[in-house]
Structure formats: structure tokens, C-alpha cells
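Written out below as C-alpha cells is the structure these notes cover.
Every value quoted in this text rests on a predicted model; they were computed, and no experiment measured them. Below, chains carry the letters A, B, ... as their sequence lines are ordered, and counting in each starts from 1. All heavy atoms count here, side chains included; hydrogens, waters and symmetry mates do not.
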Amino acid sequence: MLTSQAVIFSKHGDPSEVLKNHSYEIDDSNVESDSIIVKTLGAPINPSDINQVQGVYPSQPEKTTILGTEEPSAVGGNEGLFEVLKVGSNVKNFKVGDWCIPSQVNFGTWRTHALCKEEDMTPLPNPEQSKANGKPNGLTINQGATISINPLTAYLMLNHYVKLQPGKDWFIQNGGNSAVGKYAIQIAKIQGYNSLSVVRNRDNLDQLVKELKDLGATQVITDEDNNLKEFGATVKSWVKDTSGEIKLALNCVGGKSSAAVARKLNPNGLMLTYGGMSKQPVTLPTSLHIFKNITSAGFWVTALTKNDFNLKRSTLDKVVQWYEEGLLKDAPSVESKFTGEKQLNQLFIDGIENSKNGKQLITFH
Amino acid sequence: MSIQASAVTYTKAGPDLAKVLTNTKFDIDLSKIKPTQVVVKALGTPINPSDVVQVLGVYPSPPKFQQLGNDSDVRYAIGGNEGVFKVVAVGNDVADYKVGDWVIPKLPSFGTWRTHAIADATEDPFIKVSSDDDSAINLNEAATISINPSTALQLIDTYNDWKQGDWIIANAGNSQVNQYLIQIAKIYSINTILIIRSGKQNETELKNELKKLGATLVFNDEEIKAPKFIKELLELTSNGNVRLALNSVGDETVAILIDALSQDGTLITYGASGGNKKISYDSTAQLFKNITTKAYWLTKNTKANPQLKVDTINKLLKLYQNKVIQSPNFNKAKFDQSQDLAQLVLHSISSTTGKQVIVYE
């Protein structure tokens, strides 16, 4: 028997009140033929995980008593990296020691171990496998544990809707300093697209601009510049220099900022909204719609990949390859290790509390 | 034989309409008509808001500069984009049009505020809509077929897989476009929800009129702001699929249109009456429901694909002939040769009582 611990909730509300610790046994001597037992290496805390616990997120895990809880409960967390401990006799895609991530959202990643079907997990190469394949780098735990939301969001927004011409075309984004924003800058650089990133003005602006340019940003501007009508001419001259167009805008802010990035789109351009950090509505000048034929659409990686697993797999492969080749840097997380000293639910509750200081990753190795 | 004609012309767009628009008289010498030319006489030409904005110079579809009559080199912009004309003379080589045909210009910027025009048949300038012989549709229908009903039909054609009982929600509920939209949607078995402005004296009457045309639900813009509105709407539509939201206003109703849309719905903006320059809506509603917002502009579609406009007009002709749609009321200003056409147009522009159409004796 293997003792597993999970952070569960049976009702929604303040995470510090509803997240409970649950201990249960996994029978590791009798693994069903199509099942695997995995051990958690790392699980992050995403804003959407918190919203899910609070009950304000439209995608929700099913609450069941399958883990032996008194009340129907769900395990928190959607992203995480796991290592295979045991495999059933008919399992084809996994062997002991392999790394994997959940195939779908709502797996419940905030736990030490899981017993699941083979198809519930999607393989990633572990560092020994990458090395054996002649790759200069293996995945880190942070890279594996945070691969399925932010890097996939950035890649799919850049590639799934609009065909940008390498060397010529541009995308513009607000939230240039966000995790997704930094992935978008790097992926654009790898693919040869020009990026125009809007960041909030700040004391150490030069340092931030340098950091983003080191990641591969073509141009970085402040939101004051973004809102300034006269600044449009400067942007136009940059775009003219590459004989391209700004075909895509990525908006995670809303309000004035969304109108200002949309205004810089060329005719027939697309704005994708994937978040609303300012809590202000998406705002668009009507004239952009009618006379420049700008389209505005929503982007939600969960909905897009839920029904198209091949798209998720092929995107994961690209991102993994870029990590292995050292072309892509992951957004760092603040890591806290589960040692048993603190209850697992308390570790996650503290992590949620600390999320305002940066993304939190709970590790188990 | 010579025709004395006049046109409402301008050489440069500008804000002072009375100074910009000029009544220009010209002659058409029928003996000098070239073999491929067609001479048409105006029957009815509306004045649309977009026509006025074009003369003001703030419309992205510019006028076309063209000569008047058959022996002048001067080129003018002529006001107006919509109207029905009757063919009064054709050159020897013209096969597609005959005297007595009723035609509308195929492309925008024909310049319809004029008594007569000469066009070249080789340029395929017209769509035939009726004739003296068959009276397929009447003058009211023919004069106003080009813009509002075409817009309504093409908006519905956003989707080609409508299911019986799907829903459309629209603001500016009693606009001309929406009065056609209600009728056409009903033919397709699509339900419609119309939002009208609150505070109208005749609100009950107006709601009843729209329902008589075929509207399923009509609300005023205060009723939809109630916190329970979306929940109530779900009940009233029996959780129906609200696929399309149509915005031609741009005020705070837009956010509610987005809230009312079902999963994967589309908001289309095709106008900004009242001078609203921006639309705003909740970002999470957009991304979690996968809502797309985009524009629709008839003029652009027609320029890009004139055949689409021909197809649209032909569909509308059938609907008129089958008596399943009717054109809404509008005001007629009668023109006779003794009048100054530019003055009549200016007078109609200043009128605030609904759509104006110049009708020619």
C-alpha cells in the first residue's frame, strides 16, 4: 500500500477554509492492466486554480467520493509534472521513471501520488531521455510542471489564427511583462516574428526593457506611448522598415489599453483577449471594426485544446524541443518543497496567499 | 431631342452642406448617345445618413467624380448612393437593358441625387429590379431595396447553418434595418429579441408594431439593465441558442448583448448611431464563451464582391414578390422640374422625421 495525500475541496469558497487535507491508500501491488501510478514532482498554483476553488471559474472538476472522502470532493490544481512509479501489464506508452503531465484539465494535481488510466497522462521526456537523444538540456521540474497553460497559450495565440510572415509581420501585446507575454516574445523571436510589447511605466523601466530585449523583443513601449496618438507614426515607421503588417494583437489588460493596441493593427487584423488584468471591459473603437475590419475574439487554451488533443500534443512537442535546445526560458516560480513538516493543504493555502509575490510551485522531490 | 437634367453635385466635401452641395443643370442630347450607353431617369432616391456623412467628407467610401451629360469634360461628385431609375433610352449595342426597365446602381457612389444619368452598359452598372411591364416590385420597395434590406439579409447570412428556433438579439430595435431583419428572420424561423430606447411616448405601441412584424421579444434599454435580465432571458428563450448579436448603436447595451450571447456567439457592429465611438464588454465573457466581435459593412462587401450584392437583391425581390416582407414607411418629398433639386435634398436632410426619399414626377 502506498499512502497518498491530496488537497481537496467539497465546497467552494475562501481557499483557506475549504481546502482540506485528505490521506488515502493506493494499492500498488494490484495495478489494473491499463492503469499507472504516478508520483508528483511539482504542481504550480495558477490564478485559475484559485478561482476554481472559489467557484468563480467556468471549468470545474467533478466532485466524487472515489478517494474515500465522506462528501463528494475534488482535488485542486490543473497543472503538474509527474513521474511514473508503476505500470499495469497492458500499458504501452509508459514505463517506470517516465515523466508525464495530465492530458486534460481538472485532473487534480495538488497531491503526492495518483492512480490513473494510461490515457489520463501525456508523456514528456525526462532529463536522462533528453540526454540520450543528444539534446543539450533536459526539462526542469518547473518547465514540465508549468508547460501546459502559459507556453501553450502564447504559442497557439501566435500561430493558430493568423499566419504571420517571418521577418516581416508583427504582433502587438499589452501585458508584455506577464508570463504569457514573455513566452510570446521568445516564441516570436524563435519563429522570426516581430514583437511590439507594451509594459507599464516604472522606475526601473530601462532594466525591464533590456530584460525583454534580451529575451528577443523587437520593440518595447510604455502604456503612455501606447495611448499616445502621435506615437502611432513611430510604430508605423517600425512596421514599414520590415515591409510587414501588425496582424495580431494580444490583450490581457482591457480598458484603454485594449483600444490602443487594437488601433495599431493593420486592416483585417485580429485581437485576441485572453485575460482582463485591469478588471476593465474590453474597449474597441467602433471605427476599427467597421472601417478597418478588425475582429476581436476570445482565447482560452482550456476550451481550445479540450477537443483537439493532437493540437495540444504537437504544441507540447515544439515547446519541449525549444526547452531542450535552450532556445526558450521558463518563467521562474517561487518553489516550496513538501517535506511533511507542514500539512499539504497548509502548504497550498500559504502558496495561494503568496501568489501575489509571483507564481508558486510546490515540489515533492 | 434633348433632356434637361439636374444633379446635386459637389467638388470638395466639407462640413457646411448648404455651401458644399450645388444644383448643377446639364443636358443629355439623345441623338448623341453612344451605342453602348444607357440613359436613365430617377424614380426615387433616398437620403441615408451615410450619404450625408459622405458629403461631409468623413465617410471612408469616397464619392466617384464623373461627368454629367454627354458633352462636358467637367467632373463632379454627385450625392447619394441609393435609388431606383427607369431606362429611358439605350444605344444600338445595348442588349441587357431596355426602355421601361427599373434598375438600381450595382455599386456604391453612383451618385443618385439627380434626375437623369448616362451609364455605359459594358460596365454592367445596374441590377434590374422591376419594369413598367411587370411591376415586379413597387416604387417604395425599389427605391429602398439597395441598403437597409440588403444589410438585414446579409447580416442574417453571417451563418448559413441556422437552426429553427435560434435567436438574434439587436439594439436599435426599430431601425429600418431591424424592421427588415425581424421579417426576414421570421421567414427563416429565427427568433428575434429587439432592444428599443426607453422613454419613448409611444413605447407600448412601438413594441406591438415590432411584434406584429414578427419580433419575438421586445425590451427597452432600461429593462435590459435590470440585474435579473440575463436570467430571465434564459427562461424566456428556454435556454435557446442566441448566436448573433447586432449592434448599430455602440452604447452600454453592447455589454448586455455580449452577456446575452450563447457559447460561440458573434457580436456584429455595423453602425454607430448617436455618435458612440467605442464598444465595451466584459473580457471574461468573451474568452469563456468564445465570443467573436467583428464588423459588417455592406459597402465594403459590395465593392469586394459585386455579385454578392446581385444575389442579395435577387433574394429580396423574391421575398417582396411573395409578399412575405414589406418596406417600412418613409417620408416622400416630391420633385418636379420647376424645383431646385439641391434645395429639396438639403431640406430633406434637415428633416428629423424618419427616412426621406425624393420621388421624381
Worksheet entry | Check against side-chain contact (heavy atoms from CB on, under 4.5 Å), B:D282 and A:V282 | CA-CA 6 Å; B:D282 178 29; A:V282 179; over 6 Å; no
Practice prompt. Only one of B:T292, B:T266, B:T293 passes side-chain contact (heavy atoms from CB on, under 4.5 Å) with A:T295; say which it is.
Written response: B:T292
Response to the item:
When the 4.5 angstrom heavy-atom criterion is applied to B:T284 and chain A, the contacting part is neither
Item to complete: Verify whether one side chain among B:S283 and A:T273 offers a donor that lies under 3.5 Å from an acceptor in the other.
Response: no
Discussion item. Has B:Q286 got a side-chain atom pairing as donor or acceptor with A:S296's backbone, closer than 3.5 angstrom?
Written reply: yes
Practice prompt. Give the member of A:T302, A:T283, A:L304 that has the highest number of heavy-atom pairs under 4.5 Å with chain B.
Written response: A:T283
Worksheet item: Is atom NZ of A:K256 surrounded by more than 12 heavy atoms (other residues, nucleotides or ligands) closer than 6.0 Å?
Response: no
Worksheet item: When you look at NZ of A:K279, are more than 12 heavy atoms from neighbouring residues, nucleotides or ligands closer to it than 6.0 Å?
Response: no
Item to complete: Could you check if a side-chain atom of A:L284 sits within less than 4.5 angstrom of a side-chain atom of B:Y281, using non-hydrogen atoms only?
Response: yes
Item to complete: Check whether more than 12 heavy atoms from other residues, nucleotides or ligands sit under 6.0 Å from atom NZ of B:K278, and answer yes or no.
Response: no
Worksheet item: Counting only heavy atoms not in A:K236, do more than 12 fall under 6.0 Å of its NZ?
Response: no
Worksheet entry | CG-CG distance between B:N301 and A:N293, expressed to the nearest 0.5 angstrom | 8.5 Å
Worksheet item: Most heavy-atom pairs under 4.5 angstrom with chain B, which of A:S59, A:C252, A:G255, A:P281?
Response: A:P281
Discussion item. Let's test your reading of the structure: which of A:S287, A:A303, A:G275, A:S258 forms the most heavy-atom pairs below 4.5 Å with chain B?
Written reply: A:G275
Practice prompt. Might you confirm whether atom NZ of A:K229 has over 12 heavy atoms from other residues, nucleotides or ligands at distances under 6.0 Å?
Written response: no
Discussion item. Quick one, B:K277 with A:T286, criterion side-chain contact (heavy atoms from CB on, under 4.5 Å). Give me CA distance, side-chain angles, the key distance, then yes/no.
Written reply: CA-CA 5 Å; B:K277 293 205 163 69; A:T286 308; 5.5 Å; no
Worksheet entry | Atom group of A:I290 that falls short of 4.5 Å from chain B, counting heavy atoms | both
Response to the item:
From the list B:A285, B:G250, B:A255, B:G271, the residue making the most non-hydrogen contacts under 4.5 Å with chain A is B:G271
Item to complete: Please report the shortest heavy-atom distance between A:W300 and B:L287, naming the atom on each side.
Response: CB-O, 3.6 Å
Worksheet entry | Heavy-atom contact with chain B under 4.5 Å, split by part of A:P58 | side chain
Worksheet item: So does B:N160 have more than 12 non-hydrogen atoms from other groups sitting under 6.0 Å from CG?
Response: no
Practice prompt. Select one option (side chain, backbone, both, neither) describing which atoms of B:I279 are under 4.5 Å from chain A's heavy atoms.
Written response: both
Practice prompt. Evaluate whether atom CD of B:Q307 has more than 12 neighbouring non-hydrogen atoms of other residues, nucleotides or ligands under 6.0 angstrom away.
Written response: yes
Discussion item. Check this for me: B:K303, atom NZ, are more than 12 non-hydrogen atoms of other residues, nucleotides or ligands nearer than 6.0 Å?
Written reply: yes
